[in-house]
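First comes the structure, then the notes that go with it.
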Amino acid sequence: MKTMICFENISYSSFNNEVIEDINAHTKNSNEEISIVSFDETMPFRDINTAIYKPTELDSFNNGIIICPTIELAKNALKTANNSKRILYLYDLEWMFRPMLYEEVYELISDENLFLILRSEDHKSPVKNISNREPDAIINKFNLEKIWNLL
C-alpha cells in the first residue's frame, strides 16, 4: 500500500528506530511504495531503505495513507490538499509531557478524518477522557502490515 510516514526528525529515538526497522524489513521483501517525510532536516542515525522527502511533498501525495506519530504532525497532514487517508499512530501522550492547548488536542483527536491508533492499552483512558473517542485500534509495536490490514 502506498504509504508516507511523517517524522519530526530522523535522528535517534525509540519510535524512529522501531519505524525505520519496520520500513527496512518491508522494502527488503516487497514492492510496497513506502516513503518518509522529515520536518526537521537531520541526518538519519541509521540506513533507511526508502526515499526521504521534505514536508512540501505531502500536498502531492495522493491515493495512499499518511501516518503521523504526533499531534503536531497530524495537524499538518490534515491541512494538506490530497485525498490520502490520515492516520494518527499516537506513540506517546504528548500533551501530558509538554504544554499544549487542550482545545487543539481535543479538536485533532476528535477529528473524524483521522484514523486513530494507540501504541498502548494504557493510552486508551486518557484519550477517551480528552476526546470521548475510542481508538480505531491499538498496535503495541509499529507494524505497517497490521496498519494496512485495518484499512
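For this chain, numbers begin at 1 and follow the sequence in order. What you are looking at is a predicted structure, and each value in this text was computed from that prediction instead of being measured.
When all heavy atoms of C68 and A74 are compared, the closest pair comes out as CB-N, 3.6 Å. For the pair T70 and L88, the tightest heavy-atom approach, listed with the atom from each and the gap, is O-CD1, 3.6 Å.
Using modelled atom types, no side-chain atom of D40 and backbone atom of E8 make a donor-acceptor pair closer than 3.5 Å. Looking at S30, its side chain never comes within 3.5 Å of a backbone N or O of T27 through a donor-acceptor pair. Between the side chain of S60 and the backbone N or O of E57, at least one donor-acceptor pair lies under 3.5 Å. D92 places no side-chain N or O within 3.5 Å of a backbone atom of E94 that could act as its donor or acceptor partner.
Evaluated for a side-chain hydrogen bond (donor to acceptor under 3.5 Å, both in side chains) with R86, the options T80, N113, N76 yield exactly one hit, T80.
Salt bridge absent: E18 and K141 never bring a charged side-chain N and a carboxylate O closer than 4.0 Å. Ionic pairing of R119 and D122 is not present here: no N-O contact between side-chain nitrogen and carboxylate oxygen is shorter than 4.0 angstrom. Salt-bridge annotation for K75 and E107: absent, with no side-chain N of the basic residue lying under 4.0 Å from a carboxylate O of the acidic one.
Placement of I65 and V37 in two distinct hydrophobic clusters is found when ILVMFWY residues are connected by side-chain heavy-atom separations under 4.5 Å, directly or transitively.
Under 3.5 Å, the side chains of R46 and N17 contain a donor-acceptor pair of N or O atoms. A donor-acceptor contact closer than 3.5 angstrom links the side chains of N63 and N83.
Applying the ring-ring contact (aromatic ring centres under 6.0 Å, His included) rule to pairs touching residues 31-84 yields Y12-F45, sequence neighbours excluded.
For N62, there are no side-chain hydrogen bond (donor to acceptor under 3.5 Å, both in side chains) partners, not counting sequence neighbours. Applying the side-chain hydrogen bond (donor to acceptor under 3.5 Å, both in side chains) rule to D22 yields no partners; only residues at least two apart in sequence or on another chain are considered.
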